[in-house]
Amino acid sequence: MLGIDDPQIWVAYILCFLSAIGCIIYGALKWNDGQDEEICSTVRASGRSDEEVY
Amino acid sequence: MPVSTPVLGIIVLIYLMVIFYLGWLGYKKTKMTEDYMVAGRKIHPYILAVSYGATFISTSAIIGFGGAAGALGMGLLWLAFMNIVVGIFIAFVIFGKSTRRMGLKLNAVTFPELLGKRYQSRFIQGFSGALIGIFMPLYAGIVLIGGARFVEATLNINYDVAVLILTIIVAAYVITGGLIAVMYTDALQGSLMFIGMAFLIVFTYIELGGINAAHTALTAMNGMVPESLAAGGHLGWASMPALGSPIWWTLVSTLVLGVGIGVLAQPQLAVRFMTVKNDKALNRAVLVGGPFILMMTGVAFTVGALSNVYFFDNLGQISVAVAGGNTDLIMPQYINSAMPGIFVVLFMLTLLAAAMSTLSSQFHTMGTAIGHDFYREFIKKGELGQTINVTRISIALTILASVVLAYALPPSIIATATAIFFGLCAAAFLPMYTGALFWKRMTREGAIASLLVGTFASLFWLGFVHAKEAVPLGISQALFGKATLLTGTWTVVDPILVATPLAIITAIVVSLATKPIPVEHLEKCFEREIKN
């Protein structure tokens, strides 16, 4: 396969591509999922104040 | 192939000007602690993914691990696979989402702070901060080595000068711009890395006559494995080493598992999950991150192994021999001799980018670990005190330590030292971090015990059992008169395989034996899940 005799190598080679494609499919399918909580602003308001910046 | 120095100088100058412009933009946007620490928690998904990827992948992965693949072969592709599945998918989808929510609810701005607040323990935060401050310079030092080796080979300047130039540039924009500057510059650098690596794989396959032809030629070189490597179980660059041989253990336990799993508990990466607004950004980042990592580690490891074919065809020698035995030089040597001049320039920027993006995050993480986590939260019990000065001084000191290490560490060290740091993080932080996110029954005592057991078991194994570090360190020899306390296969088993399971068992046993964390606090940490 692909000029490589050892299946332990060409399996890894193919899995690299499959897993990257899997990431693309996951990201595309979930493109608009997870739009949630608007609590950012409240937490930010209670966060540390400006003079503590370092 | 040689490139004219003035042309190179101008290109590098333009590149640095753009980087500084982005650093300045970050500086302007930094108004509060949250901005400096977690970029105001509203970073764009593309920036998150590429910044995460560019930080994850440094010169260590490209030069160090690419060189390791030049010596050990394509078996390293298992690490590339782990990088995508564990380092991107599991990290973003499973750990990332929970980390983001909990970070927000607990108002945590660093990785140690997230753990400390979840377990209501300043000790956890302080100890984790100190651990990062002490050991991360090792990792930063080798990233510097990787960058400086390439600058040295390409620009023909002194290695020591190359280290210094690189350090000063990165330090300047980290200290001023905080995490916003770090992530903006990362995103540019990541994009540049993507283009550079794409060129590298295409040129390499063209040079060697195509994908199948290149692999077939590499397979045909099986008989060329030098005696010393063959004795360790090396069966060729297109084969896995013999099962259970010393080289197999190094490849599988240290490189593939150590780095493949250790990435989940990397403080400078975990903090990035706290920089985005919602889970949507994390989902979208997976789409960018997967192919990005494939293009980085997948390409580096394949090209590293295939460099053997190129060097054998052209010089009649294998890569390790061409590099004079220093695997860290295989990739720079290959790129400088095999690639067209314009590519060498592009790749130098790629590597500068890779080194700078990782270093900037490391400096940022080390500074906040000591200044914020250790000094402010642990020593001063949350009071501001001299935090600003301590952070600045600690950034300076950790940078100094990194530079000293870059001068002092031996050749062929990059991949090994990366694995040590990743392994230590996995043993010390992973059980406690996983428990923090997913196991409500885990207690403060369980977390502290697992942190201590993971850290010290890992360090003990490195100092007294794992031959690769224990023998040169010589502590075991001095104390017990033996180079390593155990013998046989144990001396090639990586600390991660011993220390991490020990830390997991400790976490479970101690947690079950101690009083659970109060429900009110858990509600604060897991608000949404409990309400539902």
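Proteins get letters first, then strands, A, B, ... in listed order; numbering begins at 1 in each. This is a predicted model, so every value here is computed, not measured.
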Engineer: To the closest 0.5 Å, what do you measure between CG (Leu235(B)) and CD (Gln8(A))?
Structural biologist: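 So the CG of Leu235(B) and the CD of Gln8(A) are separated by 9.5 Å.
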Engineer: Please report, to 0.1 Å, the donor-acceptor pairs under 3.5 Å made by any side chain of residues 14-31 of chain A, with sequence neighbours excluded.
Structural biologist:
{"unit_1": "Ser19(A)", "atom_1": "OG", "unit_2": "Leu15(A)", "atom_2": "O", "d": "2.8"}
{"unit_1": "Ser19(A)", "atom_1": "OG", "unit_2": "Cys16(A)", "atom_2": "O", "d": "3.0"}
{"unit_1": "Tyr26(A)", "atom_1": "OH", "unit_2": "Lys97(B)", "atom_2": "NZ", "d": "3.2"}
{"unit_1": "Tyr26(A)", "atom_1": "OH", "unit_2": "Asn283(B)", "atom_2": "OD1", "d": "3.2"}

Engineer: What part of Ser239(B) lies closer than 4.5 angstrom to a heavy atom of chain A: side chain, backbone, both or neither?
Structural biologist: both
Engineer: At a 4.5 Å cut-off on heavy atoms, which part of Thr302(B) comes close to chain A: side chain, backbone, both, or neither?
Structural biologist: side chain
Engineer: Return the option, out of Val93(B), Thr297(B), Val288(B), with the maximum number of heavy-atom pairs under 4.5 Å with chain A.
Structural biologist: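 Of the options given, most contacts go to Val93(B).
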Engineer: Tell me the closest heavy-atom pair linking Met240(B) and Asp6(A), and the distance in Å.
Structural biologist: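 Taking every non-hydrogen atom into account, N-OD2, 2.8 Å.
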Engineer: With a 4.5 Å cut-off on heavy-atom pairs, point out which of Gly75(B), Gly290(B), Gly298(B) contacts chain A the most.
Structural biologist: Gly290(B)
Engineer: Once ring-ring contact (aromatic ring centres under 6.0 Å, His included) is applied, do any residues pair with Tyr205(B), and if so which ones, sequence neighbours excluded?
Structural biologist: His215(B)
Engineer: With the side chain counted from C-beta on, respond yes when Trp10(A) and Leu77(B) share a heavy-atom pair under 4.5 Å apart, and no when they do not.
Structural biologist: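 Result no, sub-4.5 Å side-chain heavy-atom pair not found.
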